[in-house]
Structure formats: structure tokens, C-alpha cells
Amino acid sequence: MSILVNKDTRLVVQGLTGKTGTFHTQQCIEYGTNVVAGVTPGKGGQLWEDTVPVLNTVSEAVKQHGANVSVIYVPPPFAADSILEAIAAEIPLVICITEGVPVRDMAEVRKALDATNGKTRLIGPNCPGIITPGECKIGIMPGYIHKPGRVGVVSRSGTLTYEAVYQLTTRGHGQSTCIGIGGDPINGTSQLDAVRMLNEDPETDAIIMIGEIGGSAEEEACAYIKEHVKKPVAGFIAGASAPKGRTMGHAGAIVSASGAGTAEAKFAAMEDAGVSIARNPSEIADALLKIYQG
Amino acid sequence: MNIHEYQAKGLLADYGVPVPSGYAATTAEEVDSAIAKIEGDLIVVKAQIHAGGRGKGTFTDGYKGGVKVVKDAAAAKDAAAAMLNNTLVTAQTGPAGRKVQTLYITEGCDIAHEYYLAIVLDRETAQAVIIASTEGGMDIEAVAEKTPEKITRVPVSPSTGIRPHHCREVAFSLGFAGDQVKQLSKILVGVYKMFWEKNAMLVEINPLITTPEGEVVALDAKVSFDGNAVFKHADILALRDLNEEDPKEIEASKYDLAYIALDGNIACMVNGAGLAMATMDIIQSFGGSPANFLDVGGGANEEKVTAAFKIILSDPNVKGILVNIFGGIMKCDVIARGVVAAAKNIDLNVPLVVRLEGTNVEAGKKILSESGIALTPADSLVHAAELIVKQVNG
């Protein structure tokens with residue numbers, strides 16, 4: 001009942017022995033995620049919490065422990081290098097939780113990702129991670145608010161995802177897979193990528209997409225939804241009241257297609273694509289349940 | 001992170017971009033010595049603030065124009081005296097304006113034609129894009145809207161960096177020929193190198209001019225840097241001017257709180273950027289007006305919550321506070337203890353509405369209700385927003 005991660009996921013944690021890596025890995029193991037190894041350069045040979053082997057490199061995790069997914073908790077100055085190491089080790093799925101990665105580093109990572117021709121997919125950075133409820137949790141989301149089911153969720157915001165998931169669960173609807181794609185301007189997996197995967201997943205019946213102002217990722221996903229998605233889709237955009245121009249100067253705004261980036265434009269694109277719109281974040285699940293009974 | 005025009009031009013000059021010679025001045029004595037050093041017939045006096053529209057701005061005492069081109073030293077001194085330590089209001093500063101604490105005194109240039117030139121990091125294609133136009137000296141957004149055919153965009157892949165063909169494409173699109181193509185190419189290589197090496201998000205030269213003698217010169221410059229990358233560049237960090245930042249935002253950055261001051265009267269404290277924005281949206285949808293954006297982050301503790309309260313309350317416009325926490329990894333009881341400690345620590349004299357949800361929510365609610373602090377609990381975000389707007393707007 002899922003995309004990307006499930007019971008067969010064999011996770012390597014880059015930055016396992018740090019405070020953040022340790023705390024969240026404990027939570028993930030408790031949830032049932034199969035953590036096969038950790039990587040902390042220079043600490044290879046140790047055993048983390050008496051259970052998980054610590055290695056010096058990601059390629060050892062692949063060769064010795066069959067790791068097929070990596071999660072990254074390393075600090076921002078080293079995060080891009082960690083992603084590139086995972087790409088070099090040909091890990092199929094890399095999830096970068098780290099917040100504050102320099103944008104230029106991500107531009108270089110994107111080139112490396114493109115060069116893999118789809119061999120490696122990146123989720124994040126600056127994201128909560130991904131969860132297939134009941135099977136595998138990778139990242140920092142609270143596991144207990146989720147419930148196995150058939151609604152796929154994709155979002156740029158962590159806590160807003162929790163809002164939507166919690167609303168679904170308390171109304172009796174479980175989730176197939178929830179993906180936090182992260183709030184950074186340059187990331188690995190777009191709204192469009194995630195919506196396409198959820199659309200093609202036979203075990204996902206409905207989709208929730210949560211966006212934010214800036215860029216045109218939601219508009220691109222909506223163009224796809226309009227053309228290809230028959231499953232019910234509900235959506236919300238955060239930032240209608242945000243002040244203009246606090247992030248980028250004039251030239252930044254004109255690079256995107258004219259009018260793209262505002263909450264208004266994104267809501268309009270959703271409407272045009274037949275997406276059921278939640279005008280406030282308390283109504284995200286209700287917006288879906290108007291058009292989907294499960 | 002933004003810097004002043006004089007700093008931007010200093011950096012550009014380091015990368016071989018021709019700029020008019022000029023000197024920054026913060027006192028009357030520095031103004032005098034700067035003016036004495038200017039050669040040529042024209043002197044330009046420019047107010048240095050982190051906002052555009054300076055030329056068309058007005059000072060709060062009625063003096064017009066934050067950029068003055070004058071013909072002699074006496075007039076330059078008069079203009080400088082009028083601007084220095086005066087408050088300039090432009091289309092971008094908001095009605096309060098910005099105090100001008102630095103002037104830039106430069107030599108003037110005769111202008112044959114004005115162009116627009118910028119490099120930005122394009123989020124969609126994840127690469128640098130050169131933007132150029134023959135319509136310089138104006139608002140580029142207006143040009144993009146009215147005459148998009150007059151804007152040229154040339155992407156530069158990080159795998160190749162800038163190459164001669166990129167430069168030729170820009171130069172010919174602007175109608176340059178002969179030696180000016182060479183001059184522009186040298187400028188583009190310098191701008192791109194600076195953009196890339198210093199982790200800039202935007203370098204904008206508006207206008208880039210040609211002189212009657214055929215020289216290509218950067219007459220104005222605006223540069224902003226990726227805040228996530230300034231740790232790599234001590235020289236760039238040293239250019240930060242705290243006078244240009246909101247003191248509340250500076251204080252917030254010490255505690256690793258993401259805070260942006262706004263014009264409204266309902267303060268918010270939220271965990272997560274998306275939820276923080278959505279909380280502002282919902283306050284507005286009930287007819288209220290948010291006083292700030294504040295994301296306390298995932299790792300907030302008592303100290304951080306107390307600091308956050310102090311910062312939002314230091315805004316005299318605040319008439320009410322909405323705390324909205326969805327406890328994931330951050331536990332609601334921890335937040336509740338922080339709220340209680342902060343409220344007891346600070347003389348809280350405005351209405352406070354708290355909405356808690358998620359991990360340990362019952363324990364959190366219990367701590368709040370037993371604290372004896374005057375606050376209104378709310379069950380949902382909608383309810384919370386409605387309550388605080390009602391209490392503030394009456």
C-alpha cells in the first residue's frame with residue numbers, strides 16, 4: 001500500500017551518531033523501520049546503541065548490508081557532500097532532513113541527480129521525510145498520528161502535513177504514503193513527481209497536495225493533475241497573507257512564468273485542475289472527503 | 001543577506017567590473033574628504049539603505065530624492081547634509097522609512113544608453129540565469145509585463161560555468177558590437193564569478209550604461225546572498241549592516257527563531273514555517289492582521305519560548321497573541337511549560353489564545369489550565385483564530 005518505502009526498505013542513516021540522528025533513529029526503529037547501518041566518517045567499526053553497525057562510508061553500507069534507502073541528518077555545511085556520496089554509492093532513494101543547505105550546493109546536487117538518469121531519487125532537503133504507515137517511517141514526523149490506508153499526502157511543509165494527516169486519521173481515513181518534499185527553493189522531488197507516483201500507485205485512491213507560496217511547483221503539478229489524474233485530489237496553499245519581496249528581489253520574481261508564485265495563482269491553478277480546495281488548514285481533510293468517501 | 005550599493009560595487013570592482021570611483025561617508029568630515037577626491041564635472045550623492053526607489057523617495061522632513069547629481073562641491077555638500085541621518089521613505093521602505101546613516105559619493109558619468117543586467121539563481125532549473133534588457137534604469141518587472149520580448153534570459157549550467165558563447169548571446173541581444181562585446185563579456189565573467197564564488201542569490205546592475213565614449217560601466221548595483229551560505233564567507237558576513245535590520249529580527253536570530261516583523265497587531269508563535277504561514281492566513285481570513293511570522297522550530301525549549309514571547313511583546317503594536325503548536329517531535333507539555341514560564345516571567349497584559357495538538361497534548365493542556373495564567377485555550381486552529389481576532393478587534 002505504498003510508494004518508495006515499505007517493509008522491505010533497508011535503511012542506512014548518514015549522521016547516525018549525532019544527537020539528531022540518534023534521537024530520530026530511535027523513534028524510527030521503534031516504529032518498525034529496518035535500520036541496517038549508520039555512517040559517521042571516522043567512527044567506522046563501532047556499534048550504535050549496541051545494535052546498529054557504524055561505518056565510514058555509504059558504499060560499505062550498500063555492499064555489506066544491502067542498504068537501499070539513505071536518510072541524512074548531517075549538519076548543513078556537509079549535507080550536500082553526504083547526498084553526493086549516497087548518489088555515488090548508487091542508493092536508489094536518498095532522504096535529506098537537514099535544514100539550511102546552501103542553495104548553490106543544491107544546484108550542484110541537482111546536476112548530479114540528473115546525471116544518474118533516475119537511478120537515484122532525492123527527497124528534501126529541509127523536509128520531515130517519508131512514511132508508509134504501519135510499515136516504514138523515515139524522518140522526523142510523529143508516527144502515532146498516522147494510520148495505514150489509501151490516501152497519499154505530499155507537502156512542502158512538515159507541520160502542515162501533520163495537521164492534514166491528523167485530520168484524516170481522526171476522521172477514520174488512513175494514508176498510503178506521506179511525503180514531505182521540503183521547503184527549499186531547489187529540492188530533489190517536486191510536487192509533480194510525488195503526485196505522479198501516487199497517481200500511478202494502485203494502492204493509493206486519493207491525494208492531498210499541500211503547497212506554499214513561491215516557485216511554480218504546484219502549478220506544474222496542477223497541469224499534470226488536469227491532464228492525467230482521475231483520483232480525487234484536495235489541496236491547500238500556505239502564505240496568502242505573507243508579505244511580498246521578503247525573500248527575493250525583482251529579478252527573482254520574473255524568472256518564473258508571469259504571475260506564478262502567489263497563493264492566489266496557485267489556488268487558481270488548483271481550481272482549474274479540478275482540485276478540491278481547502279481555504280484554511282483546518283479543512284484539508286474535509287476538502288478531500290467532499291469528493292472522496294473511501 | 002543584503003548589502004549596500006557601495007559594498008556591492010566594491011565587490012564588483014574586485015572582480016574586474018568597471019564602476020564609477022566613489023567613497024562611502026558616515027560623517028560630515030568624511031563627506032568633505034570624499035567630495036575632495038572626486039575628479040570630473042559631476043558629483044553624485046547617494047543615500048545608502050537596503051531598499052530600492054531611492055531616487056524617487058522623499059525624506060520625512062520633505063527633502064526630495066535620495067540620489068542627487070550635482071555640478072560642484074558646494075551643492076554636493078548641501079545634498080549630503082540634507083540626507084545624512086535623515087529618514088528616507090521610498091516605495092520599498094514602508095511609511096516609516098529608513099534612517100540614512102551612510103552616503104556614497106561618486107563621480108558622475110555621461111550616459112549614452114541604459115541597460116539592465118542581472119544574474120539570479122533560478123529555482124526551477126537549478127542554475128544561474130543571466131537576465132538582460134535594453135530597457136535599463138526602470139522597474140524590470142514592469143518591462144517583463146509590458147514588453148517581455150525586450151528581456152533576454154541565458155541559463156548558465158553549473159557544470160560548464162560561464163563561457164564565451166553565453167557572453168556573446170547577451171551582448172548581441174543588447175545590440176552591442178565591436179569592442180563593447182569584449183567589455184560586456186569581461187563584465188559578465190566577473191559578475192558570474194562573484195555570483196558563484198560568494199553564494200549570491202541575486203546580482204542586479206540597473207542600470208548598466210554605455211558612455212558617449214563607448215565605455216560600459218555598472219552605475220548601480222544590488223546584491224543579495226544566500227543566508228545559509230554566509231558561514232563560508234567571513235568577508236561577506238562582515239558587510240552585514242545591523243542598522244538595516246529590524247532589532248526584533250536580530251534578537252530572534254540569536255535564538256535561532258525564524259521571525260519576520262509585520263504591520264498587524266496579532267502576534268503568532270507557531271512551530272513549522274508552513275503552519276506559521278497558514279496561521280497568519282487564517283488570522284487574516286477572520287479579519288485580523290498578523291503582527292509577525294514566527295517559527296519556533298522543532299527543537300523549542302523553555303528558554304526559546306520565553307525569548308520568543310519577549311520578542312513578540314517588544315512590538316508595541318501587539319494587542320493579542322496566538323500560540324499554535326502541532327506537537328510532533330516537539331512535545332506539547334514542553335511548550336506548555338515554556339508558555340507558563342514566559343507568561344510568569346514577563347508582564348503579560350494582552351489576551352493570549354493557545355491551541356495545542358499532537359504529542360502529549362493532554363499533559364500540555366493540564367499544565368496550562370493549572371498554571372493560573374489568564375489565557376484562552378482553543379481546540380482547533382479555526383477556533384483559535386476566531387477567538388483571538390474577536391478579543392483583539394472586539
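Note: hydrogens, waters and symmetry copies are ignored here, and every other heavy atom, side chains too, is used. Here the structure is a predicted model, which is why all the values come from computation and not from measurement.
- Using a 4.5 Å cut-off between heavy atoms, A/Asp105 touches chain B through its side chain atoms alone.
- Residues B/Asp333 and B/Asn360 bring a donor and an acceptor atom of their side chains to less than 3.5 Å of each other.
- For the pair A/Arg171 and A/Tyr166, the cation does not sit on the ring face, since its NZ or CZ is not both under 6.0 Å from the ring centre and inside 45° of the axis.
- Comparing A/Gly158, A/Gly214, A/Ala217 by how many heavy-atom pairs each has under 4.5 Å with chain B, the most go to A/Gly214.
- Contact of A/Arg110 with chain B is made through the side chain alone, with heavy-atom distances under 4.5 Å.
- Contacts with chain A were tallied for B/Ala200, B/Ala276, B/Gly358, B/Ser289; B/Gly358 has the most, counting heavy-atom pairs under 4.5 Å.
- Using the six-membered ring where Trp is involved, A/Tyr162 and B/Phe326 have ring planes that are tilted, between 30° and 60° apart.
- Only the backbone of B/Thr125 comes within contact range of chain A, with at least one heavy atom under 4.5 Å from a heavy atom of that chain.
- A salt bridge (Lys or Arg N to Asp or Glu O under 4.0 Å) check over residues 274-289 of chain B, counting only residues at least two apart or in different chains, returns nothing.
- The part of A/Val101 that comes within reach of chain B is its backbone (N, CA, C, O), which places non-hydrogen atoms under 4.5 angstrom from that chain.
- With 3.5 Å as the limit, one finds a donor-acceptor pair spanning the side chains of B/Ser159 and B/Ser157.
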Between B/Lys222 and B/Leu202, is the side-chain contact (heavy atoms from CB on, under 4.5 Å) condition met? List the steps.
CA-CA 8 Å; B/Lys222 177 180 170 182; B/Leu202 164 75; 4.2 Å; yes
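- If you check the side chains of A/Thr189 and A/Arg121, you find a donor sitting under 3.5 Å from an acceptor.
- Only the side chain of A/Arg156 comes within contact range of chain B, with heavy atoms under 4.5 Å apart.
- Of the atoms belonging to A/Ile237, it is backbone heavy atoms, and not side-chain ones, that fall under 4.5 Å from chain B.
- At a 4.5 Å heavy-atom cutoff, A/Glu99 makes no contact with chain B through either its backbone or its side chain.
- Interface summary for chain B: among A/Pro77, A/Ala263, A/Ser190, A/Gly183, the most heavy-atom pairs under 4.5 angstrom belong to A/Pro77.
- Using a 4.5 Å cut-off between heavy atoms, A/Pro128 does not touch chain B at all.
- Proximity to chain A (any heavy atom under 4.5 Å) is restricted, for B/Ile282, to the side chain, taken from C-beta onward.
- Interface summary for chain B: among A/Glu220, A/Glu163, A/Glu212, the most heavy-atom pairs under 4.5 angstrom belong to A/Glu163.
- For the atom pair CE (B/Met194) and CG (B/Asn199), the distance works out to 11.0 Å, reported to the nearest 0.5 Å.
- Listed by chain and number, the residues in a side-chain hydrogen bond (donor to acceptor under 3.5 Å, both in side chains) with A/Thr159 amount to none (sequence neighbours excluded).
- The candidate from A/Pro76, A/Ser155, A/Pro281 with the greatest count of non-hydrogen atom pairs under 4.5 Å with chain B is A/Pro281.
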